[in-house]
Each structure stands twice: as C-alpha cells, then as structure tokens.
Amino acid sequence: MTRRENHDVQDNIPAAGGGTTPSATKQPAPVTKGSDGQAVLKRLQSELMALMMCGDPGISAFPEEDNIFCWKGTIKGSKDTVYEGMSYKLSLAFPTDYPFKPPTVKFETCCFHPNVDLLGNICLDILQDKWSSAYDVRTILISIQSLLGEPNNESPLNTQAAALWANQEEFRKTVEKMYKPT
C-alpha cells in the first residue's frame, strides 16, 4: 500500500464524537480529553487499521457510525463445528481506559452455546480476569470464534447448552433452531 493510500484509509477511520444523534439504544461517544483519551483513540484507530489489513478469515469489526468506542463485529463459525456456515454479529463497547480494561463484548445474533447466555453475554477468561493490555480486537474475535467450537463446559453461562454439548447431533439441531441471522 502506498503512503497516500494508507493516508486515505486513515482519513476514513472514524474519530470519537460526531455529527449524528445516537439512537435510544446507543451510548454517546465517551469524552476523550487529555493525553489518556488521545492514547485510547490512537490505539483503537491502530487496531482498526491492523484488523482491516490482516485478512483473517471469518472475522471482521468496524466502528459503529462515527463512534470509535462502539464497534460491530462479525464472526463466522469455523469449519467442522456445529456453527459452520453461520455468521454471528457482536457488539464491542470500549471503556475510556482501554486497553487497561477489556471491552464489553456481546452477541447480537442469538447464539446457543455453553458460554453464552440468552442476553448474549460471553463467559471468556480473556474478557474478564485474564485480560491483558497486549490483547486487541483481532485477538478477541479469534478467541470467540475458537470458543464456538471449543466451549468451556466447566464454566457455563447456559447450562442447557452445556448439558447438550456431548450429543453433537441434538446440539446442532438446537443451534439451527435458535439461529436467526440479522
């Protein structure tokens, strides 16, 4: 990519704040005053660029409208899993002290899974007590994609899904029944 193309791509990355009024379900962009806020903004812009350039199959994310702190992501179910061929939408909300605190990540598409509750909350250690500032959006999306095929049944949010996991044929039927692409 030429220097000019790179500059053009960066010009299209949304910054915090903005011109459109958030809907009732959306939160306004956090205030990013001072060098800490600018550091978070630069970090998220850098992660967006890296994610756009990496080309990992089955994962993507982009800021919602003009709010760099609220992203919409997509993961596709991995091959040879009960989720193969399915596409799931996620929401990612970044705190003002990111990357020192993890983003809040939720499934927007209904996902029947041992580590996902009915509200879309995800039980994944790197989004909680195992969070590290070395993680980025790409790491999060790949980890969630991997979790789909390899749940942690020792720590289920959805006990019905955890109990059914051993019977993959019945589990797949339930996944397909509950899956409603958005």
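Worth knowing before you read on, the calculation uses all heavy atoms, side chains too, and leaves out hydrogens, waters and symmetry mates. Because the structure is a prediction, the values reported are computed rather than measured.
- What you find for Arg43 and Ser133 is that their closest heavy atoms are NH2-O, 2.9 Å.
- Within the 4.5 Å cutoff, no side-chain heavy atoms of Asn152 are placed close to those of Asp125.
- For Glu150, the CD atom is loosely surrounded, since the number of other residues' heavy atoms within 6.0 Å does not exceed 12.
- Side-chain contact between Gln160 and Phe112: present, with at least one pair of heavy atoms (C-beta onward) separated by less than 4.5 Å.
- Of all the heavy atoms in Pro114 and Ala161, the pair that sits closest is N-CB, 3.5 Å.
- Residues satisfying the side-chain hydrogen bond (donor to acceptor under 3.5 Å, both in side chains) criterion with Asn167, sequence neighbours excluded, are absent altogether.
- With respect to Arg172, the side-chain hydrogen bond (donor to acceptor under 3.5 Å, both in side chains) criterion is satisfied by exactly one of Gln168, Glu169, Glu176: Glu176.
- For the atom pair CD1 of Ile68 and CG of Leu41, the computed distance is 6.5 Å after rounding to the nearest 0.5 Å.
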Open item on the list: For Leu127 and Tyr135: C-alpha separation, side-chain torsions, deciding distance, then whether side chain to side chain contact (heavy atoms under 4.5 Å, CB included) applies.
Closed with: CA-CA 10 Å; Leu127 293 175; Tyr135 295 141; over 6 Å; no
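- Here the side chains of Ile140 and Leu90 are not in contact, with every heavy-atom distance at 4.5 Å or above.
- Considering only heavy atoms from C-beta on, Gln145 comes within 4.5 Å of Ser78 through its side chain.
- From His113, atom NE2 reaches atom CG of Leu157 across 10.5 Å, with rounding to the nearest 0.5 Å.
- Cluster annotation: Leu118 and Val116 are assigned to the same hydrophobic cluster (Ile/Leu/Val/Met/Phe/Trp/Tyr, side-chain heavy-atom contacts under 4.5 Å, transitive).
- Atoms CG and CZ, from Asp56 and Arg138 in turn, are 4.0 Å apart once rounded to the nearest 0.5 Å.
- Taking 4.5 Å as the limit, some side-chain heavy atom of Cys111 sits within range of a side-chain heavy atom of Tyr83.
- Two residues are said to be in side-chain contact when any heavy atoms from C-beta on lie closer than 4.5 Å; Val137 and Ile59 fail this criterion.
- Scanning all heavy atoms of the two residues, the minimum distance from Val40 to Pro95 falls at CG1-O, 4.3 Å.
- No side-chain heavy atom of Cys110 sits under 4.5 Å from any side-chain heavy atom of Lys180.
- Shortest non-hydrogen contact noted between Ser91 and Glu108 is OG-OE2, 2.8 Å.
- Residue-environment remark: NZ (Lys76) stays at or below the threshold of 12 foreign heavy atoms within 6.0 Å.
- The CG atom of Asn115 sits 11.0 Å away from atom CD1 of Ile144, with the distance rounded to the nearest 0.5 Å.
- Of all heavy-atom pairs spanning Leu48 and Ala61, the tightest one is CD1-O, 3.8 Å.
- Leu164 CG to Thr159 OG1: the interatomic distance, rounded to the nearest 0.5 Å, is 11.0 Å.
- Looking at Asp97, its side chain never comes within 3.5 Å of a backbone N or O of Lys101 through a donor-acceptor pair.
- Across all non-hydrogen atoms, the minimal contact from Gly149 to Trp165 is O-CZ2, 3.6 Å.
- Residues Leu44 and Phe100 are members of separate hydrophobic clusters, defined by side-chain heavy-atom contacts under 4.5 angstrom among Ile, Leu, Val, Met, Phe, Trp and Tyr.
- Taking OH of Tyr98 as the start and CH2 of Trp131 as the end, the distance is 4.5 Å to the nearest 0.5 Å.
- The side-chain heavy atoms of Pro63 and Phe94, taken from C-beta on, include no pair separated by under 4.5 Å.
- Applying the side-chain contact (heavy atoms from CB on, under 4.5 Å) criterion to Thr109, with sequence neighbours excluded, gives Tyr88, Lys89, Tyr179, Thr182.
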